[in-house]
Amino acid sequence: MTTLKRNTRETTIVLSCTRGDPTAGTIGTTDPFFDHMLVTLARYAGLRLDIEAAGDLQHHLLEDVAITLGMAVRDEVPQHCTRYGHAVIPMDEALVEVTVDIGGRPHYEGRLPSRLYDHVMRSFAINAAMTLHVRVLRGTDRHHIVEAAFKALGLALRTALTEGDTVFSTKGAVVIEREGDA
């Protein structure tokens with residue numbers, strides 16, 4: 001289990017993440033829609049998330065939680081995992097496709113109809129050191145599009161995080177050791 005604490009003048013976050021029972025965690029960010037998206041992501045990804053967060057502005061809160069969550073997910077990537085994941089989710093009139101590579105190459109391509117949630121996805125991907133592509137294939141309701149994107153991201157992550165006995169890289173395993181956090 002990875003537990004991170006992030007404190008700034010703008011936000012206070014305590015976040016724990018582990019692969020396991022997604023229904024066991026608790027999420028409270030003071031933003032009900034964002035809480036719903038995080039619960040959805042956890043459920044579809046097969047992650048247990050415990051998040052307590054507060055902030056001065058919605059933008060700061062969502063961005064800082066996405067940064068912290070990305071860092072925690074990165075710490076949960078097994079050395080031998082499927083690495084790649086892909087999912088397409090329909091939600092009423094919306095259809096969203098997500099593809100991930102959790103192999104340590106941070107990049108985001110996408111465009112959600114909400115600049116704030118597009119920024120959340122970018123912040124998450126960069127800090128998770130993953131490549132994340134989000135394509136909105138169709139849809140008119142922003143809520144449905146954003147929720148379908150979180151569901152697709154969750155399913156793609158679930159696949160990518162699946163443990164196996166092979167390293168899917170011609171480089172072999174990439175090992176990074178952290179010594180002492182300040």
Under 4.5 Å between side-chain heavy atoms, chaining through other members, with only Ile, Leu, Val, Met, Phe, Trp and Tyr counted: pull out the rest of the cluster around Val14, sorted by chain and number.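 The other cluster members (ILVMFWY side chains, heavy atoms under 4.5 Å, direct or chained): none.
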Please test His36 against Phe150 for ring pair (Phe, Tyr, Trp, His ring centres under 6.0 Å), starting from the C-alpha separation and ending with a verdict. CA-CA 10 Å; His36 176 48; Phe150 273 86; 9.4 Å; no
Is it true that, when you exclude Tyr44 itself, more than 12 heavy atoms of the residues, nucleotides or ligands shown sit nearer than 6.0 Å to its OH?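 Not buried by this count: 12 neighbours or fewer within 6.0 Å.
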From [X] atom [atom1] to [Y] atom [atom2], the distance as rounded to the nearest 0.5 Å:
X      : Y      : atom1 : atom2 : answer
Ile67  : Ile13  : CD1   : CD1   : 8.0 Å
Met121 : Leu116 : CE    : CG    : 11.5 Å
Asp75  : Thr18  : CG    : OG1   : 11.0 Å

Which atom pair, heavy atoms only, marks the closest approach of [X] to [Y]?
X      : Y      : value
Ala152 : Val96  : CB-O, 4.0 Å
Phe124 : Leu153 : CE2-CD2, 4.0 Å
Lys151 : Met91  : NZ-SD, 4.0 Å
Leu41  : Leu69  : CD2-CD2, 3.9 Å
Gly85  : Ala160 : N-CB, 4.0 Å
Val98  : Ala149 : CG2-O, 3.8 Å

If the threshold is 4.0 Å, N to carboxylate O, is there a salt bridge linking Arg135 and Glu109?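 So Arg135 does not pair with Glu109 through a salt bridge.
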Under a 4.0 Å N-O cut-off, is there an ion pair linking Asp101 with Arg83?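 Looking at Asp101 and Arg83, the cut-off is met.
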Indicate yes or no: at least one non-hydrogen side-chain atom of Ser16 is less than 4.5 angstrom from one of Leu49.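 The answer is no, as the side chains (C-beta and beyond) never meet within the 4.5 Å cut-off.
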Leu38: which of Ile51, Leu47, Asp31, Leu15 passes side chain to side chain contact (heavy atoms under 4.5 Å, CB included):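 By the side chain to side chain contact (heavy atoms under 4.5 Å, CB included) criterion, Leu38 pairs with just one of Ile51, Leu47, Asp31, Leu15: Ile51.
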Salt bridge (Lys or Arg N to Asp or Glu O under 4.0 Å) partners of residues 42-55, not counting sequence neighbours, each pair once: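 Every pair satisfying salt bridge (Lys or Arg N to Asp or Glu O under 4.0 Å) with a residue in residues 42-55: Arg48-Asp50.
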Is there a path from Met37 to Ile89 through hydrophobic residues (I, L, V, M, F, W, Y) whose side chains come within less than 4.5 Å of each other?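 Cluster IDs for Met37 and Ile89 differ.
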Could you check whether the rings of Tyr117 and Phe33 sit parallel, tilted or perpendicular, using 30° and 60° as the cut-offs?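 Plane angle over 60°, so perpendicular.
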